[in-house]
Amino acid sequence: MKTTTKGGARWGPFVLGRRCKHAAGELGDIYEAVHVDTGAPALVMIPRPESKWRPRRDWRTRTFVQTSPPLLAKVVEAAPNQGRLPDLTESESVLLAGFEALSHDGRMRTYLTGGLLGRHKWWPVVAGLAVAGMALLVLGGCVGWMSRGRTAEAPGLADVEMGTVLDAPRLTARTPQASSAIAYPMPAKPFRNQAKAPCPPEREEAEINGGCWVVLERRPPCLSDQAEYKGKCYLPVASEQRPPQSVSP
């Protein structure tokens with residue numbers, strides 16, 4: 001499949017990357033793209049003047065396809081006043097047709113399902129468009145996760161009087177990073193000081209190769225103290241510290 005490149009163009013909340021040529025011209029232009037705020041990979045369709053489809057109202061949704069527990073879900077994050085579901089389903093059908101038109105495009109499949117192809121290329125563009133405060137928030141938050149351990153649940157703060165200055169129930173340490181740091185690959189077995197499976201699902205920990213990991217919002221390139229695995233950045237969860245045993249006289 002032939003492609004043309006039109007890199008770096010901003011279109012709504014996305015930065016457009018590779019434009020894919022396909023046989024279904026009535027679908028319009030289809031691009032690889034990244035979301036400006038999150039850096040997540042996306043497929044973006046833009047109608048041409050001859051296209052028969054065009055969005056009628058503004059919607060923002062998220063789709064969940066989950067195996068355990070099994071479910072399909074559509075989360076509506078923003079909808080127009082008195083929005084009509086047929087308008088939404090019509091748009092979903094156009095998107096589905098776009099995926100079908102690119103079903104044999106191996107690069108698009110790799111790009112959307114976690115491969116590194118394309119993401120490194122467009123991440124500097126996204127970073128340049130993001131505001132400085134957002135960039136600092138993302139980098140600082142990722143580094144802070146490295147010392148996360150399993151501790152007791154924080155006490156409820158709902159009953160604290162408004163205006164009272166409190167100590168945080170739990171803090172994370174910040175470690176300086178080298179600008180040229182390279183992430184390490186996912187190890188075949190857990191580290192000696194890492195929490196081992198089973199990993200408590202209520203803490204949203206991922207079980208990989210027998211160890212417990214926290215997946216980060218950051219996407220590759222990852223930092224030097226993070227593991228890179230299937231297009232995501234991870235940090236190991238610290239093992240629980242056993243309390244000292246009392247010794248009887």
Side-chain angles (χ1 to χ4, degrees), residues 15 17 32-42 62-69 106-128 130 134-154 168 170-242:
V15 176
E32 288 179 356
V34 288
H35 194 275
V36 170
D37 295 332
T38 66
R62 286 193 298 162
T63 301
F64 287 81
V65 181
Q66 186 171 306
T67 58
S68 180
R107 285 189 58 182
M108 176 63 83
R109 177 191 59 78
T110 302
Y111 181 77
L112 292 177
T113 57
L116 301 182
L117 179 64
R119 293 198 188 182
H120 290 284
K121 178 179 179 182
W122 294 111
W123 180 259
V125 178
V126 178
M134 178 62 72
L136 291 174
L137 177 62
V138 173
L139 293 175
C142 291
V143 175
W145 272 101
M146 68 168 296
S147 62
R148 178 185 175 216
R150 295 179 184 171
T151 60
E153 294 296 333
R170 181 170 63 187
L171 296 173
T172 57
R174 177 177 295 158
T175 302
Q177 294 288 337
S179 59
S180 60
I182 301 177
Y184 58 88
M186 180 65 65
K189 59 182 180 180
F191 294 110
R192 179 181 57 82
N193 57 345
Q194 182 181 2
K196 311 299 190 299
C199 310
E202 65 274 10
R203 291 187 178 274
E204 299 184 353
E205 296 175 4
E207 180 179 329
I208 303 174
N209 295 341
C212 297
W213 297 82
V214 173
V215 61
L216 306 177
E217 290 291 334
R218 181 187 181 96
R219 291 297 181 265
C222 307
L223 302 181
S224 62
D225 59 351
Q226 300 167 1
E228 184 173 322
Y229 182 66
K230 292 186 177 181
K232 297 181 180 180
C233 300
Y234 292 83
L235 281 174
V237 177
S239 60
E240 293 180 344
Q241 297 291 333
R242 294 186 177 181

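For reference, positions follow the sequence shown, starting with 1.
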After noting the C-alpha distance and the side-chain angles of Glu228 and Met186, does the key distance pass the side-chain contact (heavy atoms from CB on, under 4.5 Å) rule? CA-CA 6 Å; Glu228 184 173 322; Met186 180 65 65; over 6 Å; no

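- In this structure, Pro190 and Asn209 approach most closely via the heavy-atom pair CD-O, 3.4 Å.
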Run the numbers on Tyr229 and Ile208 for side-chain contact (heavy atoms from CB on, under 4.5 Å), then give the verdict. CA-CA 10 Å; Tyr229 182 66; Ile208 303 174; 3.8 Å; yes

Could you give me the CA-CA distance, side-chain angles and deciding distance for Trp213 and Gln194, then say whether side-chain contact (heavy atoms from CB on, under 4.5 Å) is met? CA-CA 9 Å; Trp213 297 82; Gln194 182 181 2; 3.1 Å; yes

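- Atom OH in Tyr234 sits 12.0 Å away from atom OH in Tyr184 (nearest 0.5 Å).
- Remark: Thr67 engages no residue in a side chain to side chain contact (heavy atoms under 4.5 Å, CB included) (not counting sequence neighbours).
- Not a single donor-acceptor pair under 3.5 Å links the side chain of Lys196 to the backbone N or O of Ser239.
- When every heavy atom of Cys233 is checked against every heavy atom of Gln226, the shortest pair comes out as CB-OE1, 3.6 Å.
- Taking the salt bridge (charged side-chain N to carboxylate O under 4.0 Å, His left out) definition, one finds that Arg62 meets it with Glu77, sequence neighbours left out.
- The shortest non-hydrogen separation linking Glu207 to Pro198 is OE1-CA, 4.1 Å.
- Between Asp225 atom CG and Leu235 atom CG the span is 5.5 Å, to the nearest 0.5 Å.
- Not a single donor-acceptor pair under 3.5 Å links the side chain of Arg218 to the backbone N or O of Val215.
- When all heavy atoms of Gly211 and Cys199 are compared, the closest pair comes out as O-SG, 3.9 Å.
- Taking Ser68 as the reference, nothing meets the side chain to side chain donor-acceptor pair (under 3.5 Å) condition, with sequence neighbours excluded.
- The shortest heavy-atom contact between Cys212 and Ala197 is SG-N, 4.1 Å.
- Contact detail for Ala227 and Cys222: the closest heavy-atom pair is O-SG, 4.3 Å.
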